[in-house]
Amino acid sequence: QVQLVESGGGLVQAGGSLRLSCAASGRAFSSYTMAWFRQAPGKEREFVAALIWSGRSPAYADSVKGRFTISRDNAKNTVDLQMNSLKLEDTAVYYCAVRYGSTYGHTTGEYDYWGQGTQVTVSS
């Protein structure tokens with residue numbers, strides 16, 4: 001059984017920063033792709049960022065490029081999302097996800113395990 005637990009969400013003013021963290025347990029994740037998705041009220045869950053096991057060449061949604069940075073620590077089975085220059089439209093529940101293999105996936109159906117989510121609210 002795989003468990004993913006997110007932390008670090010909260011309330012922040014526009015232009016501010018937050019760092020999300022996801023701790024994985026149950027299996028060794030060194031050969032898995034880890035990602036972040038988000039879901040705003042009334043909208044579908046959308047891809048934010050992903051990182052393959054090597055930690056190289058991360059993938060980002062266009063809406064967060066240049067503002068968000070994904071990183072992972074395979075020894076600790078963690079994946080973080082550093083979010084800078086936050087905008088009102090970044091408000092959402094953020095989910096950590098894991099998929100088998102070392103290729104990127106951009107849709108929810110491509111991921112095998114999910115965390116419970118952490119709320120990020122950006123205020124004006």
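Treat the numbers as computed from the prediction; the structure is a model and nothing was measured.
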Do the non-hydrogen side-chain atoms of [X] and [Y] ever get within less than 4.5 Å of each other?
| X | Y | result |
| --- | --- | --- |
| L18 | L86 | yes |
| L4 | V98 | yes |
| I70 | V79 | yes |
| R45 | T107 | no |
| L20 | V120 | yes |
| S124 | L88 | yes |
| Q39 | Y95 | yes |

Worksheet item: Any Lys/Arg nitrogen of K87 or D90 sitting under 4.0 Å from an Asp/Glu carboxylate oxygen of the other?
Response: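 Looking at D90 together with K87, the answer is no, because their closest N to O distance does not fall below 4.0 Å.
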Item to complete: Decide yes or no on ring-ring contact (aromatic ring centres under 6.0 Å, His included) for Y100 and Y32, but give the supporting numbers first.
Response: CA-CA 5 Å; Y100 295 106; Y32 291 20; 5.0 Å; yes
Discussion item. Taking CD in E89 as the centre, count heavy atoms belonging to other residues, nucleotides or ligands within less than 6.0 Å. Is the count above 12?
Written reply: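 Yes.
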With clusters defined by side-chain heavy atoms of hydrophobic residues (ILVMFWY) lying less than 4.5 Å apart, directly or transitively, does [Y] cluster with [X]?
| X | Y | value |
| --- | --- | --- |
| I52 | V48 | yes |
| M34 | M83 | yes |
| L81 | L51 | yes |
| V2 | W36 | yes |

Practice prompt. For T121, enumerate each residue passing the side-chain hydrogen bond (donor to acceptor under 3.5 Å, both in side chains) test, keeping only those at least two apart in sequence or located in another chain.
Written response: Q119
Response to the item:
S57 meets the side-chain hydrogen bond (donor to acceptor under 3.5 Å, both in side chains) criterion, sequence neighbours left out, with none
Does the [X] side chain pair with the main chain of [Y], one donor and one acceptor, at a distance under 3.5 Å?
| X | Y | result |
| --- | --- | --- |
| E6 | C22 | no |
| T33 | G101 | yes |
| R67 | S85 | yes |

Worksheet item: Is the ring centre of F68 less than 6.0 Å from the ring centre of Y60?
Response: no
Worksheet item: Quick one: does NZ or CZ of R99 land under 6.0 Å from the six-membered ring centre of Y113, within 45 degrees of the ring axis?
Response: no
Worksheet item: Is it true that the NZ or CZ of R72 lies under 6.0 Å from the centre of W53's six-membered ring and within 45 degrees of the ring axis?
Response: no
Response to the item:
Looking only at heavy atoms, the pair that brings T108 and W114 closest together is O-CZ2, 3.5 Å
Worksheet entry | Y111 versus A50, closest heavy-atom pair with distance |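 So the two residues come closest at OH-CB, 3.7 Å.
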Item to complete: Sequence neighbours left out, what pairs pass side chain to side chain donor-acceptor pair (under 3.5 Å) with at least one residue falling in residues 8-22?
Response: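 For residues 8-22: S17-N84, R19-D80, R19-Q82, S21-D80.
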Discussion item. Determine whether S7 and T118 satisfy the following criterion, side-chain contact (heavy atoms from CB on, under 4.5 Å), listing intermediate values before the conclusion.
Written reply: CA-CA 6 Å; S7 61; T118 185; 5.9 Å; no
Discussion item. Below 30° counts as parallel, above 60° as perpendicular, anything between as tilted: where do the rings of F47 and H106 land?
Written reply: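 Aromatic pair F47/H106 classed tilted.
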